Amino acid sequence: MAEYNFKEIEEKWQKYWHKNKSFKAEVSSRPKFYCLEMFPYPSGKIHMGHVRNYSIGDVYSRYKLAQGFNVLHPMGFDAFGQPAENAAIKNKTKPGAWTHKCIEEMETELKKMGLSYDWDREVSTCDPDYYRWNQWIFIKMFEKGLAYKKASGVNWCPSCATTLANEEVIDGGCWRCHTKVEQKDLDQWYLKITGYKERLLEDLNQLKLWPERVIAMQTNWIGKSSGCEIYFRRKDNNGVIPVFTTRADTIFGATYIVLAPEHPTVLELIKGQPQEKEVLKFIDKVSQESKVVRSSSDVKKEGIFTGSYAINPVNNEVIPIWVADYVLMEYGTGVIMAVPTHDQRDFLFAKEHGLAMRVVIQPFTQQCELCAEDLSEAYEGDGRQINSAQFNGLPNLEGKAAIAEWMEKTRIGKIQTHWRLRDWLISRQRYWGTPIPMIYCDKCGVVSVAYEDLPVELPKDAPFTGEGGSPLGKVKEFVDCFCPKCKAKARRETDTMATFFDSSWYFLRYCSPEFTNGPFEVKDAKYWMPVDQYIGGIEHAILHLLYSRFFTKFFKDLGMIDFDEPFTKLLTQGMVLKDGEVMSKSRGNIVDPDSMIQRYGADTLRLFMLFAAPPETELEWDDRGMDGAFKFLNRVWRIQDNLKDKADEPVVRSLHKAIKKISEDMEAFKFNTAIASMMELVNAIYQSGADKEVYSKLIIMLSPIAPHFCEELWQNLGNQGSIIKAGWPKFDQKLLVEDTVEMPVQINGKVRSKISFPTNASVEIIQAIVAKDEKVQQWIQAKPIKKFIVVPNKIVTIVV
RNA sequence: GGGCAAGUGGUGGAAUUGGCAUACACGAGAGACUUAAAAUCUCUUGGCCGUAAGGCUGUGAGGGUUCAACUCCCUCCUUGCCCACCA
């Protein structure tokens, strides 16, 4: 037979699959399997991260296909976003043209990998047929009160006159011109994801097949914390200042309270005080700082006394009210009670400004009473309540509950839950995104575009330079419109949607990509959804997955679907490293997948990617590993010339053991050990030869990993049609059991002999055989046997 | 600071979940084939002692549980990822 010519073979079978629509998925009565990999941003070139992600998904998908499932395996492009605008500015093209060119190039590269996609279902989020449904969803949310507009602080570069994402603020300056970034209030569109916070948290329990750490990350992000709201009264006018705390047990140690600089009450508190001017100056200074600067951890905490006092409701103590930058308006009530003895930040702040401290929790191990003067840092551990009136002596965890209950009864406070999760800001002052389908009418106010007028299409020409705010605002034909209600002249919203919106429901669109009466056809989604296996990078563990879960729940509430969670099983693949570092342009350590395909072929690249490491862990790129993978394929290739009429029994047994192991491994995404088992089988074949039967089963099992290669061998063996239809091999249980097993014999924990025993021999028989073994007797000598342990077919242990 | 992973030969990684540590591969070494090289095939390959048989030792460090620990428990170290003035 000729040599393995991967170039010819890969082109041939890619054409074959395309021509025969081998991976076309259609609704049927067979059990379905929806296998999905996160769709890429079309940068034009695929990188090794893509290769890994899509190889993993493709192998699993093909494996499920071989098992007889009706597999849906689609691909598309997350095509809106900033890079297209940047590229357009740089190359003087249009974002649309640039993006479409990139999509084409990327498709070509993906197709060269031999991925089993149903390309007929391809979606692209920048296509009006796609984004009109973004707009449709947005309007539905608006109608349900889940989309709303609110003024909010954004990072603002005064020189470029544009908003900046947090990532674009570098050392407090604009990434482009280094001008100091300011905070500016702008009216922005939000989605009320907080309306779903309980369900988003609760339903994480349903996700038994998600990695634990993703569940942990989502849980932290939603950030439910139970505590108390405590009402401090103002000394001057009895006004109430609510404070949120999770440490009600320390309330007797609260020696001052601190407001966030943005807190509206601050202005009242300082009015007429001698400090007024100074405090205003301080607030102004803080507000100039961008969030990024303010929250960088090593910056010293700064604050100032307001001149006013509050009353601690549990002991009627008069305590000062301060303002400090380390208190955040967005969390809790924007006010904290400071307990310097039991919170490190408060401790440092109190030391700095000479504020009072009182110990109220005594460590259990401490005998004599702990004094504030003795502390060199805050004591944040558990202990016994002291200086806490009627609660003295209680362990603080009991104290926390008792105090909370007492405060609620006496109406000093209220048991309360706070959440970290914020509403989702989706407005972007950019061009290359889905236009938010809203209209401003002088008479009717904010009105949504009529459904029949969707999509609101992006104007083909917009003057964008990356500077000076929203490009759509400069397109008169776009902005000028009529109010859908009163038909008067009106103004169109010029913000576009954050691209996370687009990717929050694309998995539903794949179910019926051509559907024109809604984002997806209900009956198709009913068959295909939820996604059985989702595969992607850990970097999407929080936002993308959370937003997708949110949208799914929203669709359920609209009655369009009947499940809570979109992704039954999730696999987060590890990154591809080179010399221990992440491959990236800036590091200059990129290995280009296309050049590897040129040199070795896609099958070798896929094989190496899957063999080098388990999918979840990081993968160290190794050129020599590619040689190894290529060598293995050639080794398999050569077998076809030396087939016997009938394989020896040991090889047949090896085959059946391999089928069992490989099937289990494929199911569990242990592709690296599955491949190792195939290599072992090949080694066995090299020892004593294979027949057509053994060889056929080997290449069927290898076919999800090296599909072109195996198709060719399958055909060489005289089969008609594709190996896809061959079906996954089954193993014969009888061939797995040998008559005898070799078991190690341990004496006092050390292996001293290896003896062959009949399979499943009884303890008595084993004892009798062991008694005749010279080596064992040598080690036991005449010492009495204390214990004789047999782990069936595994190990024999003797203790003397 | 909080959370989650992980740490095994020269390298990537295995280990049926408490049962022979290092499967499989890379690399290295030796041999066969060859005029030669490449390719291919076969063998060796954790460390120490030993001519050998064999022995001792060995999974980040230290302790513990057990007949038996890479695996479980405690303390510590290191690396990676995510979150973070979160009250």
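A quick note: this is a predicted structure, and the numbers were derived from the prediction, not measured. Labels below follow one simple rule: chain letters A, B, ... track the order of the sequence lines, proteins then strands, and each chain is numbered from 1.
Taking atom P on both nucleotides, C20(B) is separated from G2(B) by 38 Å, rounded to a whole Å. Remark: the separation of the P atoms in G47(B) and C67(B) is 33 Å, to the nearest Å. Going from the P atom of U65(B) to that of C4(B) covers 28 Å, rounded to whole Å.
Checked by distance alone, Thr797(A) brings a side-chain donor or acceptor within 3.5 Å of a matching partner on the base of G19(B). Between the side chain of Lys794(A) and the base of C20(B), no donor-acceptor pair under 3.5 Å is found.
Between C86(B) and Arg422(A), no contact under 4.0 Å exists linking OP1 or OP2 to a side-chain N or O. Contact check, Asn683(A) against A25(B): a side-chain N or O comes under 4.0 Å of OP1 or OP2. Dashed line: the shortest gap from a side-chain N or O of Lys631(A) to OP1 or OP2 of A39(B) is not under 4.0 Å. Taking only side-chain nitrogens and oxygens, Arg752(A) comes nearer than 4.0 Å to OP1 or OP2 of G55(B). OP1 or OP2 of C41(B) sits under 4.0 Å from a side-chain N or O of Arg635(A). Side-chain nitrogen and oxygen atoms of Arg345(A) include at least one within less than 4.0 Å of the OP1 or OP2 phosphate oxygen of C86(B). Between Lys750(A) and U57(B) there is a side-chain polar atom (N or O) within less than 4.0 angstrom of OP1 or OP2.
Pairing partner, C43(B): G29(B), with both Watson-Crick or wobble hydrogen-bond distances short of 3.5 Å.
With hydrogens and angles left out, the side-chain atoms of Tyr686(A) and Asn642(A) include no donor and acceptor closer than 3.5 Å. Residues Tyr600(A) and Asp627(A) bring a donor and an acceptor atom of their side chains to less than 3.5 Å of each other.
When rounded to the nearest whole Å, the span between CD of Gln344(A) and P of C86(B) equals 12 Å. Computed from coordinates, the Phe611(A) CZ to C24(B) P distance equals 10 Å when rounded to whole Å.
His263(A) meets the side chain to side chain donor-acceptor pair (under 3.5 Å) test with Thr265(A); sequence neighbours excluded.
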Just by protein heavy atoms under 4.0 Å, how would nucleotides 77-83 of chain B read 5' to 3' in B, S and -? ---S-SS

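Nearest-nucleotide positions on RNA chain B for Ile798(A) and Leu619(A) put Leu619(A) closer to the 5' end.
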